[in-house]
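First up is the structure itself, then whatever we jot down about it.
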Amino acid sequence: MADFNKISKKWRKLWEEKGIFKVSEDPKKKKFYCLEMYPYPSEKLHVGHLRNYSIGDALARFKRMKGFNVLYPMGYDAFGLPAENAAIKHKIDPEKWTLDNIKAISEQQKAMGMSYDWSRKIQSCTPDYYKWNQWIFLKFLEKGLAYRKKSSVNWCPGCNTVLANEQVEQGKCWRCKSVVEQKDLEQWYFKITNYADELLNDINKLKNWPKRVKTMQRNWIGRSEGVEIDFKIKNSDEKISTFTTRADTVYGITYMVIAPEHPLVKKLVKGTEYEEKINKFIEEVKKEEISERIDETKDKKGIFIGKYFINPFNKEECPIYIADYAVMEYGTGAVMAVPTHDQRDFDFAKKYNLPLKVVITPKKKLLKEDEMTEAYIDEGILVNSVQFNGLDNKKAIEKISDFIEKKGFGKRTINYKIRDWLISRQRYWGTPIPIVYCDKCGIVPVPENRLPVLLPKDVKFSGTGNPLETSNNFVNCKCPKCGGKARRETDTMDTFVDSSWYFLRYCSPEFDKAPFDKKAVEYWMPVDQYIGGIEHAILHLLYARFFTKALRDLGLCKIDEPFKRLMTQGMVIKDGAKMSKSLGNVVDPADIIKDYGPDTARLFILFAALPEKELDWNDQGVKGAFKFLNRFYSLVEDNKKNISLDKIDLKQLNSKDKYMLSLMNHLIKDVTENIEQFKFSLAISDIMQFVSQVGKYANKNINKEVFSELVKTSVLVMSPFIPFVCEELWAMVGFKGFVSLAEWPKYDESMIDEKAESSEELLDNVKKDIAYLLNLIKIEKPKKLTLFVSEKWKYKFFKELKKEIEKTRDIKAIMKAIIPKFKENSKTVSKLIPLIVKNPGRIPLVILDQNTEFNVLQNSKKLFEDEFKSAVEIVKAEDSKQAKAKNAMPGKPAIVVE
RNA sequence: GCGGGGAUGCCGGAGUGGUCAAACGGGACAGGCUUAGGACCUGUUAGCUUAGUGCUUACGGGGGUUCGAAUCCCUUUCCCCGCACCA
């Protein structure tokens with residue numbers, strides 16, 4: 001058995017020595033940028049990573065062989081919490097921990113045969129990278145895209161830092177799953193909301209992104225059109241504005257709810273009898289806010305604040321409540337309540353005995369308040385709405401919105417769910433925010449020529465507080481403006497900032513005048529294929545889109561969207577569950593590689609499931625892949641002597657040779673199409689079938705040139721999946737150079753002969769039948785074999801069909817005409833008709849010959865004679881009588897042995 | 001609740017109107033090789049039947065369109081994922 005690990009090491013070394021995967025801009029060649037989401041360098045590579053890279057590498061190799069100039073880089077998302085936590089726990093320098101991990105991981109990636117251009121490796125934790133984070137931050141600041149504000153923020157007590165909205169999942173921290181708290185803090189933000197509209201609209205440009213991801217982004221941006229209406233408060237100069245998408249219901253307003261955090265609440269109740277009660281209520285809500293406020297099934301809780309507002313439409317006075325179901329984060333933090341037409345308002349009104357007023361009713365039956373058991377949210381006609389009565393409610397939204405703007409009650413607005421991106425983090429292992437606070441000058445940006453602001457080494461990791469604050473050299477500095485004493489910003493940037501533009505850096509990783517070289521970016525970008533996990537659907541993928549647009553507006557690049565095509569790989573599961581340490585179902589890729597070699601691991605991963613789908617890891621499947629690999633290898637090795645690289649002499653080919661060449665061209669076609677559509681498992685399945693055919697062929701008297709061509713093709717099309725073994729076989733067959741750089745085979749449509757393929761199958765079947773029969777009657781050496789072929793009813797059928805086809809090409813009509821005449825064979829007939837109608841080339845052949853099978857058998861007489869060492873006679877049974885006499889049935893060759 | 005995706009043989013998983021009893025792999029069974037096991041090779045693997053390009057039943061359940069449905073439409077059950085009191 002071949003030692004696959006030895007083979008892998010040998011080729012890996014050769015690839016590295018020759019640097020064959022290094023690329024540079026070449027305007028003459030078409031580029032292809034293949035990118036995998038760069039990994040966080042944790043201590044070990046897991047199978048999910050392996051899958052990600054196997055998919056990407058197969059595609060990159062395929063495109064390279066297809067003649068593209070392929071940019072396929074790798075780098076590391078090297079800033080982040082685990083490094084810092086390791087520092088606290090094991091007293092290791094986070095930098096050393098990170099760089100050691102990177103070394104180990106890149107070693108594994110190399111061992112797996114990934115064809116990265118390693119000269120473009122980037123690590124986000126090195127100053128030559130994060131300097132440009134700071135540079136971009138300053139540019140954003142100039143443009144007003146970065147700003148500082150005090151606000152209620154998400155605080156993760158587990159990570160001891162604030163989080164962006166996108167990083168909170170169901171009230172919990174995305175990384176450590178701690179319950180997130182709210183805190184009022186002054187923090188740095190990126191103004192992603194400036195791009196909300198463009199980010200939403202441009203989703204339509206992302207034709208080759210999974211629907212799921214696009215939907216998630218749309219929902220996250222959460223655009224809704226409506227009106228903002230201002231309500232005057234009775235006996236006060238204040239007014240409250242509310243946002244609604246249902247302007248048609250304004251005459252049904254019976255009260256208002258505002259969020260407990262709403263800044264007006266304290267003002268309004270100050271000094272009144274309600275003040276104490278309200279403050280108590282707010283405290284209560286705040287306490288339970290985290291877990292319970294999120295729970296939708298919970299009763300809505302609220303309290304009257306002792307104030308009334310005036311509905312500008314009908315001058316009615318209605319009470320103002322604060323309630324936990326109003327949230328400050330959305331709209332204006334206040335809701336005009338229409339209990340008859342909103343379920344939440346309805347529930348609340350019922351609980352606190354607030355009045356109901358119907359303003360929309362179904363056409364058929366007038367809706368009555370006292371009969372309602374739930375809110376009426378469907379379409380209908382306006383009632384109780386003065387001049388708008390009788391209008392269709394959808395039209396009424398427009399009319400009333402016009403009215404609102406005309407009267408100055410409010411204005412049309414568009415609301416988004418997306419918030420600005422909070423990028424400050426109270427942690428050490430990240431990019432320092434290049435800002436200095438001076439008592440005299442205030443917030444002062446560090447000048448561009450003094451970048452990078454380096455992370456200091458003299459810090460203490462105590463586990464509490466931001467370690468950066470322990471470095472006096474770092475914190476205490478001089479104001480760049482006035483030279484006076486100043487304090488440096490100790491917050492670092494969210495690591496998602498690093499990953500928002502790393503794909504641009506790959507284009508010119510050494511460039512030192514800007515984050516990236518505009519020219520290189522113009523050549524390589526956008527990324528043609530991006531591959532990664534679904535978990536980044538609204539985190540990284542949204543941020544990266546935002547960055548690209550913002551950098552474009554800074555004049556740094558020209559593209560609108562960074563990723564042309566996105567593939568989100570499925571999870572790897574085992575025994576029906578996600579791999580996890582607690583379940584004990586973790587597979588270590590290193591073990592698989594050790595036992596079976598890297599190619600087996602790659603082959604199994606790509607074969608076991610389509611890339612987007614979940615992959616169920618099973619060890620038997622791994623063995624199966626290994627078995628195939630061995631079979632493939634020995635097929636070539638055992639037949640080395642049958643290799644001849646001379647040109648095929650087409651005149652010398654027998655039917656079997658032609659058949660194999662047909663299969664081969666068919667294979668190239670299918671595999672190429674399947675790879676282009678990411679259907680790797682199908683491509684591999686095609687190749688497996690082909691290889692087993694080649695194996696059968698190899699046992700025969702073969703044409704050496706044909707055989708060599710078959711082997712060459714198999715090795716070529718298999719090489720994106722199992723590159724090491726294919727390099728070995730390529731060299732074994734006697735080809736020069738690397739198969740990794742060889743040209744992808746082209747197929748010749750004229751060589752694909754489906755007739756030959758099906759004839760070959762027929763012969764195989766007949767041969768099997770003969771063998772079976774001989775075995776049955778225990779005759780080893782028959783004197784003579786007579787094969788009867790009878791096709792009586794089919795012959796009639798073809799004649800009928802020919803007539804019908806001359807009349808029409810409509811399958812339906814033909815079916816209707818013919819099927820009743822062949823009731824007994826209706827199933828076969830209904831299969832044959834569309835086949836023949838759709839492949840007109842076959843009609844004359846089938847009809848004129850009476851039956852193809854006879855001819856095929858006739859032509860292969862010699863083949864049978866050789867095979868069974870006996871005289872063979874092929875007889876066409878002209879009618880069923882003769883056939884029956886010799887035991888031949890319609891539609892099938894019968895065999896008579898003498 | 002809203003949105004997205006699923007349900008196929010013993011298993012993983014292809015297949016989106018006719019060439020489908022359904023690729024490929026695994027498992028199981030039988031046979032070959034072998035002292036035996038492993039490895040390897042061949043065949044079988046819905047039921048009946050067979051010397052079969054035969055018949056019947058079948059791609060979660062029910063209904064429909066069609067000469068014809070795993071595939072299209074409607075409906076229903078179940079599962080997974082994302083968002084979540086969004087005004």
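Letters go in sequence order (proteins before strands), and every chain restarts at 1.
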Identify the nucleotide, in any strand shown, that forms a Watson-Crick or G-U wobble pair with [N], with both distances under 3.5 Å; if there is none, say none.
N: B:rA14; answer: none
N: B:rG1; answer: B:rC83
N: B:rU65; answer: none
N: B:rU42; answer: B:rA30

*All side chain to side chain contact (heavy atoms under 4.5 Å, CB included) counterparts of A:T245, not counting sequence neighbours*: A:S224, A:F243

*Could you give the distance from CD1 (A:I404) to CZ (A:F409), rounded to the nearest 0.5 Å?*
8.5 Å

*What's the spacing between A:I253 CD1 and A:Y255 OH if we round to 0.5 Å?*
11.5 Å

*Which comes earlier along RNA chain B counting from the 5' end, the contact point of A:E169 or that of A:R344, where each point is its nearest nucleotide?*
A:E169

*Between A:D347 and A:Y352, does any side-chain donor sit less than 3.5 Å from a side-chain acceptor?*
no

*asked:* Closest approach to the side chain of A:W220, judged atom by atom: which nucleotide of B:rA14, B:rA87, B:rC83 is it?
replied: B:rC83

*Taking only the side-chain heavy atoms of A:D324 (C-beta and beyond), determine which of B:rA14, B:rG4, B:rC85 contains the nearest atom.*
B:rC85

*For A:F281, what residues pass the ring pair (Phe, Tyr, Trp, His ring centres under 6.0 Å) criterion, not counting sequence neighbours?*
none

*Have a look at A:K417 and say if it touches a base, only the backbone sugar-phosphate, or nothing, with a 4.0 Å heavy-atom cut-off.*
base

_Output one letter per nucleotide in nucleotides 22-27 of chain B: B when a protein non-hydrogen atom lies under 4.0 Å from the base, S when only the sugar-phosphate is that close, - when neither is._
-BBSSS

